[in-house]
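Because only heavy atoms are used, hydrogens play no part in the values below, and waters and symmetry mates are left out as well, while side chains stay in. Lettering follows sequence order; numbering is per chain, from 1.
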There are 4 protein chains.
Amino acid sequence: MKAESGAPLRADARRNRDQIIAAAKTIFVEQGPDAPMEDIARAAAVGVGTLYRRFPDRETLIREVARDNFARVLTEARAALAEEPTAWDALVRFLRFSQELRLSVQLAMLSPQAEAAIACDPLTGEFRRALLGELETVVKNAQAEGALRPDVGAGDVALVFTLLLRQLPNKLDNIESAAERVMGLMLDGLRAQPGSELPGRVLTGEDLLP
Amino acid sequence: MKAESGAPLRADARRNRDQIIAAAKTIFVEQGPDAPMEDIARAAAVGVGTLYRRFPDRETLIREVARDNFARVLTEARAALAEEPTAWDALVRFLRFSQELRLSVQLAMLSPQAEAAIACDPLTGEFRRALLGELETVVKNAQAEGALRPDVGAGDVALVFTLLLRQLPNKLDNIESAAERVMGLMLDGLRAQPGSELPGRVLTGEDLLP
Amino acid sequence: MKAESGAPLRADARRNRDQIIAAAKTIFVEQGPDAPMEDIARAAAVGVGTLYRRFPDRETLIREVARDNFARVLTEARAALAEEPTAWDALVRFLRFSQELRLSVQLAMLSPQAEAAIACDPLTGEFRRALLGELETVVKNAQAEGALRPDVGAGDVALVFTLLLRQLPNKLDNIESAAERVMGLMLDGLRAQPGSELPGRVLTGEDLLP
Amino acid sequence: MKAESGAPLRADARRNRDQIIAAAKTIFVEQGPDAPMEDIARAAAVGVGTLYRRFPDRETLIREVARDNFARVLTEARAALAEEPTAWDALVRFLRFSQELRLSVQLAMLSPQAEAAIACDPLTGEFRRALLGELETVVKNAQAEGALRPDVGAGDVALVFTLLLRQLPNKLDNIESAAERVMGLMLDGLRAQPGSELPGRVLTGEDLLP
DNA sequence: TATGAATGAGTATTCATTCAT
DNA sequence: TATGAATGAATACTCATTCAT
């Protein structure tokens with residue numbers, strides 16, 4: 001979670017770094033990943049210079065925000081897997097609590113530049129891989145439990161998640177249950193019960209990696 | 001479909017206008033709604049001056065693109081409703097063929113500015129309203145047919161559509177069936193069959209309008 | 001002398017372009033090649049935007065200024081060669097009138113960046129080559145005339161020129177004759193008369209080309 | 001040679017100071033006198049803070065580098081004068097060995113700012129004066145020896161030196177003898193032998209001082 | 001005292017919009 | 001009317017200098 005340069009940051013530098021990442025998350029969500037760097041600096045209560053000392057350019061900042069996000073989600077995924085009684089419950093909890101992931105997804109989709117910044121980052125790649133690994137497990141287990149329909153793979157599930165995690169139209173953000181209802185519909189679609197036959201082949205985690 | 005100024009455009013002006021809208025759609029999809037105006041003008045094989053004569057500023061351009069899009073989708077929706085044997089089929093066709101809608105959705109979500117440009121446009125509002133009107137009908141009919149689960153409203157369905165119409169991660173664009181599979185899962189979630197109970201209240205078309 | 005893009009510039013654009021090149025020369029001489037672009041724009045009575053439309057970045061501007069300069073010098077060199085009675089006179093005139101060259105030389109030497117901008121420009125390369133070609137001729141002829149010492153080549157002469165064309169200490173700029181005196185001393189060094197033996201080998205024009 | 005503050009520096013401070021001056025020389029030669037202060041600090045293996053403690057701003061640093069340089073050259077000049085058999089030999093040796101001077105000259109010429117920093121420094125002024133004093137002596141003596149042409153003054157000689165000490169085009173740095181050849185030509189121009197008549201008046205050392 | 005983090009003014013560059021041709 | 005040149009405000013990024021550790 002520390003920069004790859006290796007040297008541990010001085011206490012104040014560390015604090016600044018964290019503030020900047022936090023501010024960037026907020027601002028990116030509000031204004032998209034092209035938001036003025038000065039806005040981010042201001043939100044972090046820091047001079048632009050400091051922002052640039054820590055993150056040499058916007059691309060780096062986006063990448064670090066994405067890493068931070070993926071790391072948090074991975075932690076949460078593992079917790080869900082460890083703590084929930086059934087795999088299906090883990091899946092549901094994971095989905096419900098992973099609002100963190102939303103930013104990563106938006107970052108990765110919102111602007112072509114952002115996607116480019118993240119695509120070639122090896123560390124983000126590792127997180128993604130690890131995350132999909134966990135998902136493979138949950139999917140397998142949930143299918144063994146008979147809760148999840150057998151004709152889907154981790155790739156299918158991840159894809160569904162990806163869509164669900166998109167920002168809803170602002171109007172609906174206010175209707176508390178809107179997100180939950182779509183999620184419910186989707187989960188019903190995933191449940192093991194007589195449904196339609198899905199076209200094409202099962203998507204695995206591999207299919208989602210670059 | 002004509003500009004609100006009233007005067008019908010001369011043939012060549014009309015052609016220019018159409019070229020620009022088409023170019024803008026392409027560029028918006030490729031680069032997002034903040035793409036340089038010059039890029040759009042170039043793609044339309046037109047000088048920036050001409051672009052600005054027709055659309056006084058970016059906001060106007062976005063708005064017109066959105067109107068154009070909604071209009072096409074509305075046409076398609078009505079055709080589906082008129083031509084398909086069952087309401088459920090109309091729903092499916094509508095969803096499957098409405099890639100046009102994708103741009104509107106992306107426009108409305110991709111950047112806060114774009115959303116603002118569209119939100120307060122009365123004409124776009126009318127299209128939206130009309131579209132949701134048609135959707136109410138299909139939903140009602142499909143429920144009467146016993147094909148669609150009874151505990152959802154046009155708002156719920158529209159919301160599902162909205163999510164499905166988002167751009168998939170580029171990687172998956174190549175897997176032909178990916179989009180179809182998610183759609184299948186979603187449709188299974190919508191089908192009338194014993195599913196989980198959805199939280200909150202039924203969402204109507206009204207809930208989606210500003 | 002026109003940009004390689006090919007299309008002949010509109011009259012006003014042409015005028016602006018020329019003004020910018022002229023202004024850049026002045027400013028570069030006064031402040032060095034790192035002078036603020038805005039200063040150059042202001043000196044050319046033009047907005048920064050215009051400057052950048054014509055010359056996408058500083059490097060390009062430096063390169064174009066260098067080209068322009070070399071082209072002028074080449075013209076002057078040919079005139080001297082054609083009009084002066086002896087090759088030695090042509091050499092002297094060329095040297096004396098080539099204050100234009102001074103800027104090119106300074107540009108090429110003053111800052112590493114400037115040198116880099118020019119080094120890899122093929123057109124500047126051609127000018128240099130052509131210039132050295134003319135110089136070979138004058139040198140040969142002046143040696144045949146018995147005026148120039150026989151143990152020097154075009155490279156040696158060019159090198160001497162290069163040094164003489166450097167900016168004198170400001171203090172001395174005021175002493176009208178200072179530059180002339182150094183030039184006189186140098187010409188006496190070049191004259192055919194019993195002098196010391198020079199070390200190393202004769203430098204040709206080739207030796208000066210990258 | 002000590003800073004004007006008076007207090008003799010502690011041993012380690014002294015070492016720092018010397019490292020910084022040495023590093024600054026290197027960096028100035030490589031990147032010009034506008035090189036980032038951090039680069040200089042890094043090259044001196046010292047924090048920026050230390051650099052600034054010793055030299056409150058860039059101007060001061062440049063001035064100190066110039067002083068150091070002039071001091072070294074003066075030492076060398078006196079040694080040449082004392083050790084060489086003839087004044088002409090001293091002149092030649094002085095010229096040949098004074099690569100140190102090159103940096104001062106470049107500093108003084110490379111950027112207008114640097115020149116300004118040096119111009120008004122009394123200590124540098126003294127060094128210059130002393131240097132020109134020595135040069136007057138050598139010139140007089142070399143003329144008395146009949147080796148140096150009688151129609152030049154210390155100012156002329158200094159001017160010639162100044163030009164010769166400029167950085168040659170990089171390409172030629174590789175040709176070992178290039179610098180020597182130009183020097184040879186120049187010395188031939190200075191030699192007492194029938195040459196052309198020089199224009200203007202004899203330049204004295206005074207003419208070079210501000 | 002030495003260090004390197006923080007600051008913010010200074011500059012390069014881009015691009016929306018206006019205007020001359 | 002169509003064009004593309006001109007403008008300058010907005011924004012990215014750098015680096016001299018100051019200051020907390």
Could you give the [atom1]-to-[atom2] distance, from [X] to [N], as a whole number of Å?
| X | N | atom1 | atom2 | result |
| --- | --- | --- | --- | --- |
| A/F55 | E/dA5 | CZ | P | 13 Å |
| A/R42 | E/dA6 | CZ | P | 18 Å |
| B/I40 | F/dG4 | CD1 | C1' | 17 Å |

Worksheet item: Heavy atoms under 4.0 Å, any strand shown: does C/A41 hit a base, just sugar-phosphate, or nothing?
Response: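 Answer is nothing: C/A41 stays at 4.0 Å or more from every strand.
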Would you say the side chain of [Y] lies within less than 4.5 Å of the side chain of [X], judging by non-hydrogen atoms?
| X | Y | answer |
| --- | --- | --- |
| B/F127 | B/D121 | no |
| B/F55 | B/I21 | yes |
| C/R15 | C/D12 | yes |
| D/K25 | D/N69 | yes |

Practice prompt. Would you give the length of the straight line joining atom CZ of C/R17 to atom CD of C/E64, rounded to the nearest 0.5 angstrom?
Written response: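 With rounding to 0.5 Å, CZ (C/R17) is 4.5 Å from CD (C/E64).
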Discussion item. Within this structure, what is the CG-CG distance for the pair A/L51 and A/D39, rounded to the nearest 0.5 Å?
Written reply: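 A/L51 CG to A/D39 CG: 11.0 Å, rounded to 0.5 Å.
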For [N], take OP1 and OP2 only and decide whether either is under 4.0 Å from a side-chain N or O of [X].
| X | N | value |
| --- | --- | --- |
| B/R53 | F/dT1 | yes |
| C/T50 | F/dA5 | no |
| A/N16 | E/dA5 | no |
| D/R54 | E/dA2 | yes |
| C/R17 | F/dA5 | no |

Item to complete: Let me know, please, whether D/V46 or A/E38 comes out on the 5' side of the other along DNA chain E by nearest nucleotide.
Response: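 First, find each residue's nearest nucleotide; the 5'-ward one identifies D/V46.
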Counting side-chain heavy atoms from CB outward, which of [options] is closest to [X]?
| X | options | value |
| --- | --- | --- |
| D/Y52 | E/dA12, F/dT17, E/dA16 | F/dT17 |
| A/D12 | E/dA5, E/dT17, F/dT17 | E/dA5 |
| C/A13 | E/dA2, F/dA5, E/dG4 | F/dA5 |

Item to complete: Could you pick out which residue, C/G47 or A/P36, lies toward the 5' side of DNA chain F when each is mapped onto its nearest nucleotide?
Response: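 Its nearest nucleotide lies further toward 5', so the answer is C/G47.
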Worksheet item: Mapping D/E59 and A/D34 to their closest nucleotides on DNA chain F, which lands nearer the 5' end?
Response: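 Upstream on the strand: A/D34.
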Worksheet item: Which stems does DNA chain E form, counting runs of 3 or more consecutive Watson-Crick or G-U wobble pairs with both distances under 3.5 Å?
Response: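 For DNA chain E the paired stretches long enough to count as stems (3 pairs minimum) are E:2-21 with F:2-21.
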